[in-house]
There are 2 protein chains.
Amino acid sequence: MLILVPKHELFNPVSSKKSLINYVNNFVELSSEETHQLESSFEEVKVKKRQFIVQPGFTNMHRAFVVKGAFRAYIITNDGQEHTLQFAIENWWISDFNSYIYQHPATLFIVALEDSTILQIEYNQEQELKKSNHKFETFFRIMAEKGLAFEHRRILFNLTNSAEARYENFLLNFPNFVNRVPQYALASYLGMTTEFLSRIRNKRIKKS
Amino acid sequence: MLILVPKHELFNPVSSKKSLINYVNNFVELSSEETHQLESSFEEVKVKKRQFIVQPGFTNMHRAFVVKGAFRAYIITNDGQEHTLQFAIENWWISDFNSYIYQHPATLFIVALEDSTILQIEYNQEQELKKSNHKFETFFRIMAEKGLAFEHRRILFNLTNSAEARYENFLLNFPNFVNRVPQYALASYLGMTTEFLSRIRNKRIKKS
DNA sequence: TTTTTTTCTTGACCTACTTCATTTTTATTG
DNA sequence: CAATAAAAATGAAGTAGGTCAAGAAAAAAA
């Protein structure tokens, strides 16, 4: 039997928080009390396409979990060029990590690439959670370790591969991202120009 | 009053472990019992120049803290080229982090650049420490977060700067490393050839 | 649906960095 | 302290990828 749900309830706080709890439970086992504690530490926020959740000069006060939608974290250099550090879609975390953990002004822009829903926790609340319960400390430790391991793989891959190989690798590892991020943003993530990525893509199409 | 100490005692287990305890105390405050617990979890190992502590194909069983000396972590690609992921000198940690945290076979070589002394903890012992005491969990969480923040800065810097600027930046940020790592290794860390780094250096000398 | 803005494509030319081969310098070993 | 090996320097030629400019396509706004 099919139940019709009004559109605005599809990502209401209750269901969106389920996806976070589900995620966290992959790494630590939460009791019902801990589940409640975690849920009440996060706030649901809707973000429209092209809206910024982090901007240079302002300290990044929140760590965000993407429930729905897509984001991009990037820097703009003096000469006006954009360079992408990170993308995030459903079930990924995003922040200006240097700004967040050191509580310094951000250097990154973080912008929504689609209308999105995030769950965000405030810096002080996160400190509270970690201090009050070993399990939450463990969770954030695992997140940081996985993040670090990921960036090690990325750095090595970037050092050892050509622009074309980097693109091929991205396609292979993140097929879900490719059609949701603009080409110029992907190019700047992979360390090449949008023109050059365009040529790589067209060469591929002609081959197949 | 000056006390003369036989050379072989300068880095005996007691004093080398002090440097680790000192380091850890920068991030969490250890009781004397916790200090003892931490000390007894680490083993001192002397490593001769050119000796490997991690090799591809073998799982990296230890996390190492450098008490004295210098190390280099690098990969060798199919075409024989070396690419450096990390250096470590006194008070830095080194491991094939992906191999260590996932307990998978390593892809990196880690080699001593000088006769060195490390303190190493075994994977299972580290898990024990973290499980048994919230404070140790916190410590390793902070290590991972700082590592991740560092690599974010590195990736952004690499994306946004020329070979020459990357070298200048390394000089500025890590003056202690420069004279202790071979040029070809530094070049491969910075993502350029040793020939090109040689030219950059000579251009600098002529300028000044 | 039309207009406007943003993104992508394509061609022509350019340059930062690589490759290869040889010599010089520095470090290691017997 | 020779002899040998490893690392660094240097020149000449090559190329992966960048820049710039203009048009085409797609998306957003009106």
Side-chain angles (χ1 to χ4, degrees), chain A residues 48-51 69-70 72 74 76-84 87 109 111-116 157-170 177-207, chain B residues 48-51 69-70 72 74 76-84 87 109 111-115 157-171 177-207:
Chain A
K48 282 268 169 211
K49 184 167 178 173
R50 278 166 230 272
Q51 191 182 323
R72 168 181 173 233
Y74 64 99
I76 301 188
T77 52
N78 293 331
D79 61 338
Q81 279 190 302
E82 295 185 6
H83 297 271
T84 301
F87 295 114
F109 294 89
V111 71
L113 296 172
E114 307 169 358
D115 289 352
S116 303
F157 200 86
N158 286 348
L159 282 175
T160 56
N161 289 87
S162 68
E164 187 166 359
R166 297 198 302 274
Y167 174 65
E168 293 288 347
N169 183 253
F170 188 89
F177 282 73
V178 176
N179 301 313
R180 294 174 69 179
V181 306
Q183 179 183 73
Y184 68 89
L186 178 53
S188 79
Y189 177 87
L190 295 172
M192 66 187 86
T193 59
T194 184
E195 292 96 328
F196 196 67
L197 181 51
S198 170
R199 282 178 237 264
I200 288 172
R201 280 178 154 168
N202 287 359
K203 204 171 69 181
R204 276 173 53 84
I205 290 162
K206 275 164 202 159
K207 266 187 196 162
Chain B
K48 283 266 169 211
K49 184 168 179 173
R50 277 167 232 273
Q51 192 181 322
R72 168 181 173 233
Y74 64 98
I76 301 188
T77 53
N78 294 332
D79 61 338
Q81 279 190 305
E82 295 184 7
H83 296 271
T84 301
F87 295 113
F109 294 88
V111 71
L113 297 172
E114 308 170 358
D115 290 353
F157 200 86
N158 285 348
L159 282 175
T160 55
N161 290 86
S162 69
E164 187 166 358
R166 297 198 302 274
Y167 173 64
E168 294 287 349
N169 183 253
F170 189 88
L171 276 190
F177 281 73
V178 176
N179 300 314
R180 294 173 70 179
V181 307
Q183 175 181 288
Y184 68 89
L186 178 53
S188 79
Y189 176 87
L190 296 172
M192 66 187 85
T193 59
T194 184
E195 292 96 327
F196 197 67
L197 180 51
S198 169
R199 284 176 238 262
I200 289 172
R201 280 177 153 170
N202 288 358
K203 204 172 68 182
R204 276 173 52 85
I205 291 164
K206 276 165 203 160
K207 265 188 200 164

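This is a predicted model, so every value here is computed, not measured. Note on naming: letters A, B, ... go to the chains in the order of the sequence lines (proteins, then strands), and numbering restarts at 1 for each one.
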Handout entry: Toward the 5' end of DNA chain D, by each residue's nearest nucleotide, A/Ser162 or B/Gln183
Key = B/Gln183

Exercise for the section: Measure from the side-chain heavy atoms of A/Met192 and tell me the nearest of C/dC17, C/dT28, D/dG18. Expected result: D/dG18

Exercise for the section: Could you please name the option among D/dG18, D/dA9, D/dA6 that lies closest to any side-chain atom of A/Thr193? Expected result: D/dG18

Exercise for the section: Would you mind reading off the distance between B/Arg166 atom CZ and C/dA16 atom P, rounded to a whole angstrom? Expected result: 13 Å

Exercise for the section: Using atom CZ of A/Arg199 as one end and atom P of C/dA12 as the other, report the distance to the nearest whole Å. Expected result: 11 Å

Problem - Member of A/Tyr184, A/Phe170, A/Phe177 meeting the side chain to side chain contact (heavy atoms under 4.5 Å, CB included) criterion with A/Tyr189 - result: A/Phe170

Exercise for the section: Please report, rounded to the nearest Å, how far the C1' atom of C/dC17 is from the CG atom of B/Leu190. Expected result: 14 Å

Handout entry: Side-chain donor/acceptor of A/Arg166 to backbone N/O of A/Asn161, under 3.5 Å
Key = yes

Practice task
Go through C/dT9, C/dA21, C/dT7 for me and flag the one nearest to the B/Glu195 side chain.
Solution key: C/dA21

Handout entry: N or O in side chain of B/Gln81 less than 4.0 angstrom from C/dT19 OP1/OP2
Key = yes

Practice task
Between D/dT10, C/dT18, D/dA8, spot the one nearest the side chain of B/Tyr184, thanks.
Solution key: D/dA8

Problem - Closest-nucleotide 5' rank along DNA chain C - winner of B/Arg50 and B/Leu197 - result: B/Leu197

Practice task
Can you figure out which of D/dG17, D/dA8, C/dC17 approaches the side chain of B/Thr194 most closely?
Solution key: D/dA8

Handout entry: Sidechain-backbone polar pair: A/Ser188 side chain, A/Thr84 backbone, donor-acceptor under 3.5 Å
Key = yes

Problem - Length of the CG-C1' vector between B/Leu186 and D/dA7, whole Å - result: 14 Å

Completion exercise
All heavy atoms of A/Tyr167 vs all of A/Leu190, minimum pair found to be CA-CD1, 3.8 Å

Exercise for the section: May I ask you to evaluate whether B/Lys49 reaches the phosphate of C/dT28, defined as a side-chain N or O under 4.0 Å from OP1 or OP2? Expected result: yes

